[in-house]
Amino acid sequence: MDVSLLTWVITCVVIAGLFVFDFFSHVRVPHDPTLRESGFWSAVYISLALAFGGFVWWQWGSTYGGEYFAGFVTEKALSVDNLFVFVIIMTRFMVPRIYQQKVLLLGIVMALVMRAGFIAVGAAAIAAYSWVFYLFGIFLLLTAVKLITESDEPVAHERHREGRIERFARRFLRTTDVYDGDRLLTRIDGRLMVTPLMIVLIVIGFTDVLFALDSIPAIYGLTQEPYLVFTANAFALMGLRQLYFLLGGLLDKLIYLSYGLSLILAFIGVKLVLHALHENTLGFINGGEPVPVPEISTPVSLGVIGGTLVVTTVASLVVSRRRGRRGSTTP
């Protein structure tokens with residue numbers, strides 16, 4: 001896939017412009033977004049992501065177009081899981097709802113910048129060492145197992161992780177427990193202090209670093225093109241703030257989402273290992289020669305990912321609805 005420097009620059013400028021537009025049109029003035037507002041802009045950003053996928057398909061062909069869509073769907077699904085963590089963080093720090101938009105948008109921008117670094121490192125590693133796919137595949141398989149084991153008490157696991165990040169931040173920063181509107185910094189008795197909103201931003205930022213450790217290897221299992229990896233991540237994160245307010249209480253009903261995501265990560269992990277075997281250069285495996293194993297195509301990957309998400313979402317909503325009916329009829 002031949003992507004010119006000019007294309008990279010234009011893409012980054014457009015993405016940055018969309019975030020700037022989002023800030024000045026929705027976030028600069030604190031307010032509680034309505035469902036109509038959140039739904040409309042969620043649809044706009046998803047439409048932009050799909051339109052960009054159409055552009056990739058037209059410009060570079062169906063193979064790369066399919067890889068982009070598979071990567072975007074996977075990253076979007078993993079981002080929905082991030083929303084559950086954002087809810088826990090906002091509840092833990094009792095962030096007023098009208099100020100949540102600002103910290104979410106800044107956190108998402110931080111996430112994209114940090115993921116860009118991971119993407120660059122991943123691309124360099126893959127270009128230099130083909131055996132990196134073994135590491136990515138095994139890591140995703142272990143992550144899938146970890147996701148299953150933590151699905152019983154997700155709130156407890158997340159609060160424990162956030163507590164460590166918060167303690168680390170408070171140890172090196174002069175903080176106050178009082179919110180000052182949507183300010184990240186404030187002055188108390190002439191001293192510059194970090195507000196709880198800044199602590200929330202730090203927790204969200206560092207939490208997303210941990211999420212990136214899962215998502216970046218996952219998308220490299222679907223495409224090895226850094227441009228597609230970056231844009232799929234950017235469009236998946238874009239509109240995440242609106243999706244947070246749109247889904248709201250629906251997140252609690254997605255009870256099988258962790259199982260679906262673990263299955264997707266395990267599937268991509270297997271796909272990466274098979275790809276590594278196909279490109280094998282390690283001397284202790286088949287004498288350093290490629291192993292003739294089948295590789296999973298992009299259409300199959302997209303079908304498995306999409307099918308898994310549909311089944312887990314429908315099953316979650318059906319079971320949650322039945323449990324709600326039982327609860328309402330129990331005296």
Side-chain angles (χ1 to χ4, degrees), residues 1-28 41-76 78-79 105-130 132-133 136 205 208-209 211-213 215-243 268 272 275 279 297-299 301-302 305:
M1 183 179 182
D2 184 21
V3 182
S4 66
L5 177 61
L6 179 61
T7 302
W8 270 102
V9 171
I10 292 174
T11 302
C12 292
V13 169
V14 170
I15 290 172
L18 288 172
F19 278 111
V20 171
F21 166 79
D22 200 11
F23 177 82
F24 282 99
S25 62
H26 300 105
V27 176
R28 184 174 58 173
W41 286 105
S42 292
V44 167
Y45 284 117
I46 290 175
S47 298
L48 287 174
L50 297 178
F52 179 80
F55 168 75
V56 171
W57 196 297
W58 169 74
Q59 182 70 23
W60 289 286
S62 59
T63 298
Y64 293 120
E67 289 179 0
Y68 165 80
F69 281 116
F72 170 72
V73 171
T74 300
E75 292 298 323
K76 199 67 175 180
L78 293 170
S79 296
L105 182 63
L106 294 178
I108 290 168
V109 172
M110 284 177 56
L112 183 57
V113 172
M114 289 186 289
R115 288 191 185 201
F118 278 101
I119 291 168
V121 172
I126 289 171
Y129 312 103
S130 61
V132 168
F133 288 109
F136 283 0
D208 194 80
V209 170
F211 280 121
L213 294 176
S215 65
I216 300 304
I219 193 171
Y220 268 121
L222 301 169
T223 177
Q224 282 82 62
E225 297 294 335
Y227 183 74
L228 298 182
V229 174
F230 174 74
T231 52
N233 268 272
F235 281 106
L237 290 174
M238 205 175 296
L240 193 60
R241 175 185 62 81
Q242 291 86 348
L243 198 60
I268 298 176
L272 279 168
H275 180 76
E279 303 288 332
S297 67
T298 299
S301 299
L302 191 55
I305 293 167

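Just so it is clear, the values below take in all heavy atoms, side chains as well, and ignore hydrogens, waters and symmetry mates.
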Shortest non-hydrogen contact from [X] toward [Y]:
{"X": "G221", "Y": "I268", "value": "CA-CG2, 3.9 Å"}
{"X": "L222", "Y": "A70", "value": "CD1-O, 3.6 Å"}
{"X": "I15", "Y": "A234", "value": "CD1-CB, 3.6 Å"}
{"X": "I219", "Y": "L228", "value": "CD1-O, 4.4 Å"}
{"X": "S79", "Y": "A236", "value": "OG-O, 4.0 Å"}

Working for side chain to side chain contact (heavy atoms under 4.5 Å, CB included), residues I10 and L6: CA-CA 6 Å; I10 292 174; L6 179 61; 3.9 Å; yes
For residues 43-62, tabulate all N or O donor-acceptor pairs below 3.5 Å that involve a side-chain atom, not counting sequence neighbours.
residue	atom	partner	partner atom	Å
S47	OG	A43	O	2.7
W60	NE1	D2	O	3.1

Output the distance between atom [atom1] ([X]) and atom [atom2] ([Y]), rounded to the nearest 0.5 Å.
{"X": "N233", "Y": "R115", "atom1": "CG", "atom2": "CZ", "answer": "5.0 Å"}
{"X": "K76", "Y": "S215", "atom1": "NZ", "atom2": "OG", "answer": "13.0 Å"}
{"X": "F69", "Y": "S301", "atom1": "CZ", "atom2": "OG", "answer": "15.5 Å"}
{"X": "F118", "Y": "I216", "atom1": "CZ", "atom2": "CD1", "answer": "8.0 Å"}
{"X": "L112", "Y": "I119", "atom1": "CG", "atom2": "CD1", "answer": "7.5 Å"}
{"X": "F133", "Y": "F136", "atom1": "CZ", "atom2": "CZ", "answer": "7.5 Å"}

Residues Q242, S42; criterion side chain to side chain donor-acceptor pair (under 3.5 Å); working and verdict: CA-CA 6 Å; Q242 291 86 348; S42 292; 5.4 Å; no
Which residues share a ring-ring contact (aromatic ring centres under 6.0 Å, His included) with F21, sequence neighbours left out: W41
Contacts of type ring-ring contact (aromatic ring centres under 6.0 Å, His included), residue F23, not counting sequence neighbours: none
Test side chain to side chain contact (heavy atoms under 4.5 Å, CB included) applied to E67 and Q224, step by step: CA-CA 9 Å; E67 289 179 0; Q224 282 82 62; 5.9 Å; no
L237 and L240, any side-chain heavy atoms less than 4.5 Å apart: yes
Donor-acceptor pair, side chain of Y220 and main chain of G122, under 3.5 angstrom: no
Check: Y227/T7 side-chain N/O donor and acceptor closer than 3.5 Å: no
